[in-house]
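What follows is a set of notes on a single structure, which appears directly below.
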Amino acid sequence: LYADSGTCVPYPDALPVIERIQSAELDIGMASRRHRETIILRNRPLKRRIISRIFLWAARMITGLPGWISDSQCGFKVYQGDAARELYRECRTDGYLFEIEILLLAQKKGFRVEEFPIRWTCDPDTRLRPASDAWSVLKELMQIRRRMSQEDAAES
């Protein structure tokens with residue numbers, strides 16, 4: 001399990017997913033603020049929600065992130081241990097977007113990934129600065145796409 005430092009999600013929300021991983025039904029559970037059963041206790045400001053939607057669209061268009069993923073950047077994920085070790089050993093992205101590369105690698109390797117609902121409270125203490133970080137985010141998305149394409153070509 002890993003969680004962003006803002007503790008926006010109560011740790012017990014992971015228990016059903018941990019049980020599914022322990023019973024070998026699932027390899028990766030990813031919390032989603034957009035899951036239909038998620039309860040938002042304190043939402044992000046409208047501007048951040050809009051930026052989040054734009055980012056998700058860009059990530060799908062640029063990297064090929066699957067359309068069923070509704071919230072790649074929610075920092076609360078649960079992994080089967082061997083899956084986590086394999087994916088993080090291969091991940092090269094060390095910025096905000098490492099989760100995109102992890103999810104693309106998981107898809108490529110056939111890991112079973114599902115989103116799960118949470119109780120979520122916005123932590124207003126964010127390190128992301130949308131205006132000044134936009135170019136670096138786009139650049140990082142392009143690097144992830146290039147890296148994944150190179151790996152696909154090397155395997156062919």
Side-chain angles (χ1 to χ4, degrees), residues 1-40 44 48 51-52 55-123 125-129 133 136-156:
L1 168 88
Y2 89 84
D4 282 349
S5 63
T7 57
C8 298
V9 179
Y11 288 105
D13 286 9
L15 293 175
V17 178
I18 291 170
E19 290 172 5
R20 292 190 62 213
I21 289 172
Q22 288 174 331
S23 65
E25 297 174 37
L26 186 62
D27 299 307
I28 302 168
M30 47 187 290
S32 173
R33 293 166 286 200
R34 293 192 181 106
H35 190 284
R36 60 181 165 73
E37 296 175 26
T38 286
I39 298 168
I40 304 292
R44 296 171 287 178
R48 284 192 53 204
I51 290 167
S52 174
F55 168 80
L56 184 60
W57 175 83
R60 288 176 178 159
M61 294 297 108
I62 294 170
T63 69
L65 187 69
W68 64 266
I69 294 176
S70 70
D71 193 4
S72 63
Q73 300 310 111
C74 183
F76 194 83
K77 297 192 176 47
V78 184
Y79 295 87
Q80 189 278 337
D82 289 336
R85 284 184 282 280
E86 181 177 346
L87 293 169
Y88 281 87
R89 183 173 40 250
E90 293 184 27
C91 183
R92 300 293 172 253
T93 303
D94 62 359
Y96 290 122
L97 306 185
F98 74 94
E99 293 168 305
I100 299 286
E101 184 176 355
I102 292 292
L103 292 170
L104 291 170
L105 287 169
Q107 175 187 350
K108 180 178 164 183
K109 293 176 175 295
F111 286 116
R112 296 163 297 172
V113 182
E114 289 181 16
E115 292 185 326
F116 65 95
I118 51 174
R119 292 168 291 154
W120 188 79
T121 304
C122 177
D123 175 12
D125 183 26
T126 181
R127 301 296 185 261
L128 183 64
R129 299 169 320 272
D133 291 342
S136 63
V137 165
L138 285 173
K139 186 175 160 184
E140 198 168 337
L141 286 171
M142 296 297 290
Q143 289 170 341
I144 291 169
R145 180 176 86 178
R146 190 173 320 110
R147 187 168 26 261
M148 298 304 290
S149 296
Q150 289 170 345
E151 289 177 11
D152 288 344
E155 291 175 3
S156 297

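Numbering starts at 1 and runs along the sequence shown.
- Between Cys122 and Cys8 the shortest heavy-atom distance is C-SG, 4.4 Å.
- Listed for the Ser149 side chain is a donor-acceptor partner under 3.5 Å among the backbone atoms of Arg145.
- The structure places CG of Asp133 at 11.0 Å from CG of Leu138, a figure rounded to the nearest 0.5 Å.
- To the nearest 0.5 angstrom, Arg20 atom CZ is 13.0 Å from Ile18 atom CD1.
- In this structure, Leu65 CG and Trp57 CH2 are separated by 13.5 Å, a value rounded to the nearest 0.5 Å.
- Closest heavy-atom contact between Trp120 and Arg44: CH2-CG, 3.2 Å.
- Scanning for side-chain hydrogen bond (donor to acceptor under 3.5 Å, both in side chains) contacts around Thr7 gives an empty result, with sequence neighbours left out.
- Evaluation of the salt bridge (Lys or Arg N to Asp or Glu O under 4.0 Å) test over residues 4-15, restricted to residues two or more places apart or in two chains, returns Asp13-Arg119.
- In this structure, Ile62 CD1 and Phe55 CZ are separated by 9.0 Å, a value rounded to the nearest 0.5 Å.
- In this structure, Leu104 CG and Ile69 CD1 are separated by 7.5 Å, a value rounded to the nearest 0.5 Å.
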Checklist entry - Step by step, would you call Ile102 with Glu90 a side chain to side chain contact (heavy atoms under 4.5 Å, CB included)? => result CA-CA 9 Å; Ile102 292 292; Glu90 293 184 27; over 6 Å; no
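- Taking the side-chain hydrogen bond (donor to acceptor under 3.5 Å, both in side chains) definition, one finds that Gln107 meets it with nothing, sequence neighbours left out.
- The shortest side-chain heavy-atom distance between Phe76 and Asp71 does not fall under the 4.5 Å cut-off.
- The shortest heavy-atom contact between His35 and Ser32 is N-OG, 3.1 Å.
- The heavy-atom pair separating Lys109 from Leu87 by the smallest distance is CD-CD2, 4.0 Å.
- With respect to Ser70, the side-chain hydrogen bond (donor to acceptor under 3.5 Å, both in side chains) criterion is satisfied by exactly one of Glu115, Arg34, Arg33: Glu115.
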Item to check | Intermediate values then yes/no, side chain to side chain contact (heavy atoms under 4.5 Å, CB included), Ile144 and Arg92 | outcome: CA-CA 9 Å; Ile144 291 169; Arg92 300 293 172 253; over 6 Å; no
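- Under the salt bridge (Lys or Arg N to Asp or Glu O under 4.0 Å) criterion, the residue pairs touching residues 147-156 are Glu101-Arg147, Lys108-Glu151, Lys108-Asp152, Lys108-Glu155, with sequence neighbours excluded.
- Contact check for Leu103 versus Met30: side-chain heavy atoms found under the 4.5 Å cut-off.
- Screening residues 58-67 for side-chain hydrogen bond (donor to acceptor under 3.5 Å, both in side chains) gives no qualifying pairs among residues at least two apart or on separate chains.
- In terms of heavy-atom proximity, Thr38 sits nearest to Pro117 at OG1-CA, 3.3 Å.
- Residue Phe116 comes nearest to Ala31 through the heavy atom pair CE2-N, 3.3 Å, listed as atom of the first residue, atom of the second, then distance.
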Tabulate below the donor-acceptor pairs under 3.5 Å that side-chain atoms of residues 77-84 make, not counting sequence neighbours, or state none.
{"unit_1": "Lys77", "atom_1": "NZ", "unit_2": "Ser72", "atom_2": "O", "d": "3.0"}
{"unit_1": "Lys77", "atom_1": "NZ", "unit_2": "Cys74", "atom_2": "O", "d": "2.7"}
{"unit_1": "Lys77", "atom_1": "NZ", "unit_2": "Glu99", "atom_2": "OE2", "d": "2.8"}
{"unit_1": "Tyr79", "atom_1": "OH", "unit_2": "Tyr88", "atom_2": "OH", "d": "2.9"}
{"unit_1": "Gln80", "atom_1": "OE1", "unit_2": "Asp82", "atom_2": "N", "d": "3.0"}
{"unit_1": "Gln80", "atom_1": "OE1", "unit_2": "Ala83", "atom_2": "N", "d": "2.8"}
{"unit_1": "Asp82", "atom_1": "OD1", "unit_2": "Arg85", "atom_2": "NH2", "d": "2.8"}

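- Put simply, CD on Glu114 and CD1 on Ile21 are 10.0 Å apart, with the number rounded to the nearest 0.5 Å.
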